[in-house]
Amino acid sequence: MRGYLMVFCLICCTADGQIVYSIAEETERGASVGNIAKDLGIDAATLSARKFRMITGSSKQYFNINASTGALSVNEPIDREQLCELKSVCLLNYELVLENPLELYRMEFKVLDINDNSPSFPLSEYHINMPEFLSPGARFTLPTAQDLDEGANSVQNYTLSPDEHFYLEMQIRGDGSKYPELVLKKALDREQQATHRLVLTAKDGGNPPKSGDVPVIVTVLDSNDNAPEFEHSVYRASILENSPSGTLVVQVHATDLDEGPNGEVRYSFSNTTSADLQRMFSVHPHTGEVTVNGVLAVQRPLLEMLIEARDNGAFGMSSTAKLLVEITDVNNHGPEITITSLSSPIPEDAVPGTVIALLSILDKDPGENGKVTCQISENLPFQLKPSLQNYYSLVTSELLDRELISEYNITITATDLGSPPLTTQKTVWVQISDVNDNPPVFGADAFDVFVEENNPLGAFLYQVSASDPDIGENGRVSYTLRNSTVAGSALTSFLSMNLANGSIYAKRAFDFEQLRSFHFQVEAKDNGSPALSAATTVNVYISDQNDNAPAILYPTSQNGSVAVEVVPRLADEDYLVTKVVADDEDNAENAWLSYHLAHSSDSTLFQLSPHTGELRTTRSMRSTDFLKHKVVVVVRDHGDPPLSSTVTVGILLADTLPQALPDFDDSGEPPPLLNATNIYLIISLACVSSTVTVYIYVVDENDHAPQILYPTSTNTSAALEMIPRSAYAGYLVTKIIAIDGDSGQNAWLFFSLVQTSDPGLFRIELHTGEIRTTRKLGEDSTPTFNLTVEVRDNGEPSMSSSVAITIAVVDRVSKIIPDRRRHFKSPSNYSEVTLYLIIALSAISFVFLFTLIGLSIIKCYRYSTYGSSCCAGCCTVRERSPPHFIEVRGNGSLTKTYCYKACLTAGSGSDTFMFYNTCGPTGTTGPSAVMCNENPFSRHLGRFCLLPHYDDDVL
């Protein structure tokens, strides 16, 4: 490359982000132009990361940017004349695009001309025919040279080789352009010299200057000494760029003063007119009409052509005129939309104003026809913003939601301002990428699951499902059990869960009697970053199966013995012998109990209520009834299949409470009352005895406070009762059982709550003593409640007793009923009658041995015939007092009026007496009540017993 070439760079930053560089053409490859990073204020180290690129409309990449330093250098030498042809200013436009963030800079390179082209003539030689008769001063137009350089480097002057006949003179046209003329200095003499060879030299103004030569051959002719002359040296015309072929542009006219063929003028394009223009236009050789010959495919608004007029003389003379044609633009080019940069997909959480695409919109038409307006649909969350000249940025105008719309087809409409306007559309497809902005959603806040108890291990219980509108990993949901406890154990010991599909499986068999329901939470979590989650509650309700037989709570047997009930011989029909109380830990129909007599030693004597379990007499007792009876009660539930339990109840018919009860483990048939031994004893006793009746009537006073039999407390601690947390309103918590040793109104008992930790939760029945709930327990209820129950009689003054009860709220109630029955197993082989007869016979034998005792011994001897062992000694007859009336309620107290017979002995070894419910009338509802109290008479007389009165005809 030429060493004297220099690079001139001028940087000019404009407000729209444009940088202008000036560079001389033919600058060698690798020459530095500037530093784009420094000029734009960009960190050169970020160019590569921001994916910089240079965009140009040229087919060649003339410049290169170093990605590390930002240095701008020449990639390929520029030939200005080839690039810009005859343009006075040669410009190269580049766009520098940077991403992250997206930025655009416009670079303009002004290519400076250097004197690298010599002037040249279109033809290799020129011929001029001159008549010999021309006078000095005749002028002939010489061809002009073309220099592709511009300015001072273009053609500046012409020189002509020395010749005595000719000299060179420069002329100026009307538009200011210069052209050379050959001037005849001396008349020609064809005979002396027919041809003159001249050399025309064109020189430019470069440094050093360059020149071009062309031979000019002058042929001397005779005659025709006048050249045609145009009316105007410059012709101007204007046509539309879409003018069809044949359109008249202008008509030129030249005149020749010669006559004949020498005066006939022919028109043509000068040889200096470019071939392209000669193809686009044509000139009529005779009329001088210039017309459109083809498509006006030019980008220049002004075309310059030279028209030559030549006469038809033997030595034709010519002259030229300039034709300037202005091309009037027609809106025949629609806007061109080019997507320079596109970011797709874009995240749905992109903030408004995020740049999505950079668009270049150009219209080749000049002026108003090249001005473009651009728009998109208004119902889209995007907008177009003007950027640099002819550039628009497509940005978001509002928040996006991929779950609503996952992609957009954005149609960009560009319309120019021509008349009529032309419109171009281009569609940009923008995808929206997912962001984890939606947590999983369950179909319900809670799910109810029902499972039967005794389920197999690994049984499928339920499948929860949550949906996530996100996609990919953001929408993939996994399920876990939240840590919690059930009945004091970890939830994971009860259940397991499939993490992928939310299936819940049982890890153990459930027991309805231990756990009726529980709840836990299932968490659904997506796989996004950060992960989002949601939870739902699963309520598990365990359904009951009939897997528990009824449990008989009362009466109960211990160590294989039979529970014994004592029934007085004077019991009437419908007398309540006992009540079988049973419980079934199952629920609903599985816990509905019915009571049946499986066996009865006397089927005519007892009946059992199938619903209440009350065992009653079907008739009054007879003297012929056996002494003891055995009843087998079956308690059966209503499950499928039903389960049952049995209890054996021994029933003793007696007028008094024996010291030891007989054995009920035998067949149940009592031994004969009158065996041989008994007959002899009775006969002996009848021979020596007589009887006397003593009536003692004790008037009651309210001297006994109510005695609470259940519940009881030990060691001053409160009685404990348990209720389930799921207890409903009206649930029976417990029943207070109390008796009063008094009778009549003194034994009427009333129950009341005197203290409670939650006054509105419990109530007690005034007469029955049943404690029930008034409402359903809440989840936030306290775990324990303290109650104080007072039992008050109706005496004057009244007396009362109280019991403290602690009620515990648990998930399952273990029902424990204390054993309040006495169980006896008699080791004796003797019946009561035999025992009484032996005692009576011994007493009478003693009387015979000691006859001196007198009448008192004789009276006692008569009473011994009743079989009362307590009257075997000396008896004192008290005077008759009013009858003793005792009322017994269903709570264990006596209910009817009784008449008692009393016999006292001074040698009794006990200080208590007993009451027996033996002769009550029909309607007795409670079991026999036994009470032993200390009597004041025992201080003097020892033990006395109140026995039921029997008429003489009974015995």
Side-chain angles (χ1 to χ4, degrees), residues 553-556 579 581 583 702-724 727 729-775 777 781-810 813-822 886-895 915 925-934:
L553 307 178
Y554 182 84
T556 58
K579 180 177 181 179
V581 180
D583 178 52
N702 190 26
D703 55 351
H704 292 87
Q707 180 181 358
I708 299 175
L709 302 180
Y710 182 81
T712 60
S713 58
T714 60
N715 299 329
T716 68
S717 62
L720 177 65
E721 295 290 340
M722 292 178 288
I723 60 174
Y731 180 84
L732 178 61
V733 179
T734 188
K735 180 176 181 179
I736 308 300
I737 300 176
I739 59 174
D740 195 316
D742 298 319
S743 65
Q745 291 188 0
N746 297 332
W748 295 355
L749 302 181
F750 302 95
F751 303 86
S752 62
L753 283 174
V754 296
Q755 183 179 359
T756 174
S757 59
D758 191 342
L761 184 57
F762 301 98
R763 61 180 173 85
I764 189 169
E765 297 293 335
L766 180 64
H767 301 291
T768 64
E770 293 179 348
I771 300 176
R772 296 181 180 271
T773 58
T774 59
R775 67 173 187 271
L777 292 177
S781 300
T782 57
T784 58
F785 298 92
N786 297 317
L787 307 180
T788 301
V789 178
E790 181 183 65
V791 184
R792 185 177 297 275
D793 59 25
N794 200 37
E796 183 63 38
S798 62
M799 304 185 72
S800 64
S801 299
S802 64
V803 61
I805 303 173
T806 298
I807 300 175
V809 180
V810 295
V813 179
S814 298
K815 297 183 178 180
I816 303 174
I817 304 297
D819 183 13
R820 298 186 302 273
R821 297 293 303 166
R822 293 169 54 195
I886 299 177
E887 180 173 348
V888 179
R889 291 185 172 274
N891 53 19
S893 303
L894 302 177
T895 59
F915 293 95
T925 60
S928 300
V930 180
M931 296 185 298
C932 296
N933 296 301
E934 181 139 345

Asks: Just to verify, what does Gln755 make a side chain to side chain donor-acceptor pair (under 3.5 Å) with, not counting sequence neighbours?
Replies: none

Asks: Name the atoms and distances for all side-chain donor-acceptor pairs under 3.5 Å in residues 798-810, with sequence neighbours left out.
Replies:
residue : atom : partner : partner atom : Å
Ser798  : OG   : Arg792  : NH1          : 3.1
Ser801  : OG   : Pro706  : O            : 2.5
Thr806  : OG1  : Asn786  : OD1          : 3.4

Asks: How long is the span from the CG atom in Leu777 to the OG1 atom in Thr782, to the nearest 0.5 Å?
Replies: 9.0 Å

Asks: Looking at side-chain heavy atoms only, is the closest gap between Thr788 and Leu753 below 4.5 Å?
Replies: no

Asks: Quick one: CD1 on Ile771 to CD1 on Ile736, what's the gap to the nearest 0.5 Å?
Replies: 4.0 Å

Asks: Between the side chain of Asn702 and the main-chain N/O of Pro797, is any donor-acceptor distance below 3.5 Å?
Replies: yes

Asks: Short question: side chain of Ser752, backbone of Val754 - any donor-acceptor pair under 3.5 Å?
Replies: no

Asks: Hey, what do you get for CG (Leu749) to CG (Leu766), rounding to the nearest 0.5 Å?
Replies: 10.5 Å

Asks: Quick check, are the ring centers of His767 and Phe751 under 6.0 angstrom apart?
Replies: no

Asks: Please name all residues satisfying salt bridge (charged side-chain N to carboxylate O under 4.0 Å, His left out) with Glu721, sequence neighbours left out, ordered by chain then number.
Replies: none

Asks: Excluding sequence neighbours, so at least two apart, what forms side-chain contact (heavy atoms from CB on, under 4.5 Å) with Asp758?
Replies: Leu761, Arg775, Phe785

Asks: Is the backbone of His704 close enough, under 3.5 Å, to the side chain of Asp742 for a donor and an acceptor to pair up by distance?
Replies: yes

Asks: Atom CD1 in Ile739, atom CG in Leu709: separation rounded to 0.5 Å?
Replies: 4.5 Å

Asks: Residues in side-chain contact (heavy atoms from CB on, under 4.5 Å) with Leu732, at least two apart?
Replies: Glu770, Arg772

Asks: For Thr774 and Phe762, which heavy atoms make the closest approach, and how far apart are they?
Replies: CG2-C, 4.0 Å

